[in-house]
Structure formats: structure tokens, C-alpha cells
Amino acid sequence: MTGSSLVVAPSLLAADFSRLGEQARAVESDADWLHVDVMDNHFVPNLTIGLPVVESLRKATALPLDVHLMIEAPQRWAPGYAEAGAYNVTFHVEAADDPVALARTLRAAGAKAGLAVDRDTPVEPYLELLPEFDTLLVMTIKAGFGGQAFLPEMLAKVRTARRHAAAGHLELRIEVDGGVAADTIEQAAAAGADAFVAGTAVYGAADPAAAVRALRRAAGAAVGRGAAG
Ligand code: DX5
Ligand code: ZN
């Protein structure tokens, strides 16, 4: 992945959990990453899936796995996901006691390291940490559940982080997650996001692969990159 391409990452949270392998393969030829939401019923009220499922998914699809950990004590669990072959492992700054140490551990284990900021968390205090990370995930909803409405005011964080990354010549993916759909993805791309998680907009569609293509077109149009990427 280069910094110039746009990444579309369908979120399995909106898929049929009894057929995860099939649902992954349904988007395999069009998606860039597959977004996997791990929730522990403590950091967020919801409970989803854990390491055994990610290990199985790794064998079921060629798509790079983008693991979004919405869990407490990420230092205890995140390295296992890197060792299981996740492409990118993102944990929440609100849950981490030493984000830089954990980012270094993840990178040493061969994964990209991602830092997530939830709806009520400002990004400014963490800008100085970004050289240690490959991905910044800006929640555009309150983390925990799919199907919520996109919060456009979160894009101020995307703009701030993109400006900071550009000024420091950082290679940083800025990922938005929550309420991303054909009508909201353009604003996110224009604000400087270059990775887009979409659950309902992909798996709620009759043709998930076509939905991914439509999202990519809309994001590309917003930044003048056409459908490439
Ligand atoms: C929610 C998850 C999201 C979720 C987004 O906390 O992090 O990845 O799947 O779902 P939609 O795209 O439906 O808002
Ligand atoms: Zn997510």
C-alpha cells in the first residue's frame, strides 16, 4: 500500500457472522482491506469476536486484515493479532497506558500499528505520537455499534491530523470508521482521509462488491483520483 492510494475496508461487523469466510470472499476482488471489529464488552458495551476468529479468517481470505481492537488492556492482547498475521492492528488511545511501546511491539511483530481516537477524544494531544504509527483511525461515530449516523464534525480531527502529517512528511494512513456511505465518504476524503471503513454500506447492500466499487468511485472523485487505487 502506498500513501497515494485510497483504501476501502468493508467491516465484517455488518456481515452474516455464520458465514464470515464467504462474506470476506464476496468483496475480495474489490476491497483493499477487511476490517475486523474486536469488542470485549468492557471498553465498549458490545461483544463480537476474538483471536480464534481472526486466525481462521487469515486462512479464509487473501485480503489484508485490518483489526480494530475496541478492548481494554490492548497491551495484553494486541500482539497476538499481529502474530496471527493481521496486516494492521489498531488499538484505542483511551485504553492504552503506553501507546508508543505497544506500537513498537506491533511493528516488531510484523504488523502495521494503528491508533484510534473515539468520538469524544481530541486528536491534538496525540499528534506527537504519530511517527510511531502507520494508521490513525478517527471514529466518525461513538465506537461500539454499526449502523449509526456519520458525525461530520469529526472531520476536523482528520484535517488536523492530515495537516500535521503533511508538515512532518509522515507516511500516515488516516482511516475513518462509522457511518461511511456513498454520501458521506466524499467529505471524509476531501478532509484528508485515505482509508474508509464501511459496514452497513457494504454488507447491507444487495451486491457488496458493487457497493465497494461505488464507495471507491465517490472517494476518488472527491480528491480527483478517479477510480484508481
Ligand atoms: C463500530 C465499528 C465499525 C462499524 C461501522 O464501532 O468500529 O467498524 O462496523 O459500521 P457502519 O459502517 O455501519 O457505521
Ligand atoms: Zn471498526
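Each ligand, and each atom within it, is numbered from 1 in the order the structure gives. One-based numbering along the sequence shown.
Only the backbone of F145 comes within contact range of ligand 1, with a heavy atom under 4.0 Å; no side-chain atom does. In S11, the part holding a heavy atom less than 4.0 Å from any atom of ligand 1 is the side chain.
For ligand 1 and T200, the ligand atoms under 4.0 Å from any heavy atom of the residue are 11 (P), 12 (O), 13 (O). For ligand 1, the atoms sitting less than 4.0 Å from at least one non-hydrogen atom of G146 are 10 (O), 13 (O), numbered in the order shown with element in parentheses. Taking every non-hydrogen atom of G178 and a distance limit under 4.0 Å, the qualifying atoms of ligand 1 come out as 14 (O). Close approach of ligand 1 to A198 is summarised as follows: ligand atoms under 4.0 Å from at least one heavy atom of the residue are 12 (O). Of all atoms in ligand 1, numbered sequentially from 1 with element shown, those under 4.0 Å from a heavy atom of H35 are 8 (O). Which parts of ligand 1 touch G144 is read off a 4.0 Å heavy-atom cut-off, strictly below it: atoms 1 (C), 6 (O). The ligand atoms of ligand 1 that sit less than 4.0 angstrom from a heavy atom of H68 are 7 (O). With ligand atoms numbered from 1 in the order given, ligand 1 contributes 8 (O) to contacts under 4.0 Å with heavy atoms of V197.
Look at G147 and you'll find a heavy atom under 4.0 Å from some atom of ligand 1. Heavy-atom distances between A143 and ligand 1 reach below 4.0 Å in at least one pair. Distances shorter than 4.0 angstrom occur between a heavy atom of M70 and an atom of ligand 1.
By the 4.5 Å heavy-atom criterion applied to side chains, F196 and L215 are not counted as neighbours. Residues T135 and D66 are not in side-chain contact: their nearest non-hydrogen atoms beyond the backbone lie 4.5 Å or more apart.
No donor-acceptor pair under 3.5 Å is formed between the side chain of R173 and the backbone N or O of L137. Put simply, the side chain of R159 never gets that close to the backbone of G192: no donor and acceptor are under 3.5 Å apart. Listed for the D118 side chain is no donor-acceptor partner under 3.5 Å among the backbone atoms of K142. Counting only distance, with no hydrogens or angles, the side chain of Y81 and the backbone of L51 share a donor-acceptor pair below 3.5 Å.
For a distance threshold of 2.8 Å, the protein N, O or S atoms nearer than that to the Zn ion (ligand 2), listed by chain and number, are H35 NE2, D37 OD1, H68 ND1, D177 OD2.
The cluster map of Ile, Leu, Val, Met, Phe, Trp and Tyr, joined by side-chain heavy atoms under 4.5 Å apart, puts I141 and I185 in different clusters. Transitive grouping of hydrophobic side chains (ILVMFWY, heavy atoms separated by less than 4.5 Å) brings L34 and L69 into a common cluster. Under a hydrophobic clustering in which Ile, Leu, Val, Met, Phe, Trp and Tyr are joined whenever their side-chain heavy atoms come within less than 4.5 Å, directly or via other members, M139 and L130 fall into different clusters.
Considering L13, V180, L137, V36 only, the shortest heavy-atom separation from atom 4 (C) of ligand 1 involves L13.
When only non-hydrogen protein atoms are considered, atom 5 (C) of ligand 1 lies nearest to D177 OD1, 3.5 Å. Given atom 14 (O) of ligand 1, the protein heavy atom at minimum distance is G179 N, 2.7 Å. Atom 2 (C) of ligand 1 has D37 OD1, 3.3 Å as its closest protein atom, hydrogens excluded (heavy atom only). Ranking the protein heavy atoms by distance from atom 12 (O) of ligand 1 puts G199 N, 2.8 Å first.
Checked against P10 for a side-chain contact (heavy atoms from CB on, under 4.5 Å), the options L63, V197, V202, D32 give a single hit: V202.
The aromatic rings of W33 and Y87 sit tilted, their planes meeting at an angle between 30° and 60°.
Remark: R216 does not engage D30 in a salt bridge, criterion side-chain N to carboxylate O under 4.0 Å.
Scanning both residues, R58 and G85, for their nearest heavy atoms gives NE-O, 3.0 Å.
With hydrogens and angles left out, the side-chain atoms of D37 and H35 include a donor and acceptor closer than 3.5 Å.
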**Message:** Using the rule given for side-chain contact (heavy atoms from CB on, under 4.5 Å), can you reason through Y203 versus D16, listing the C-alpha separation, both sets of side-chain angles and the distance that settles it, and then say yes or no?
**Reply:** CA-CA 8 Å; Y203 286 109; D16 178 345; over 6 Å; no

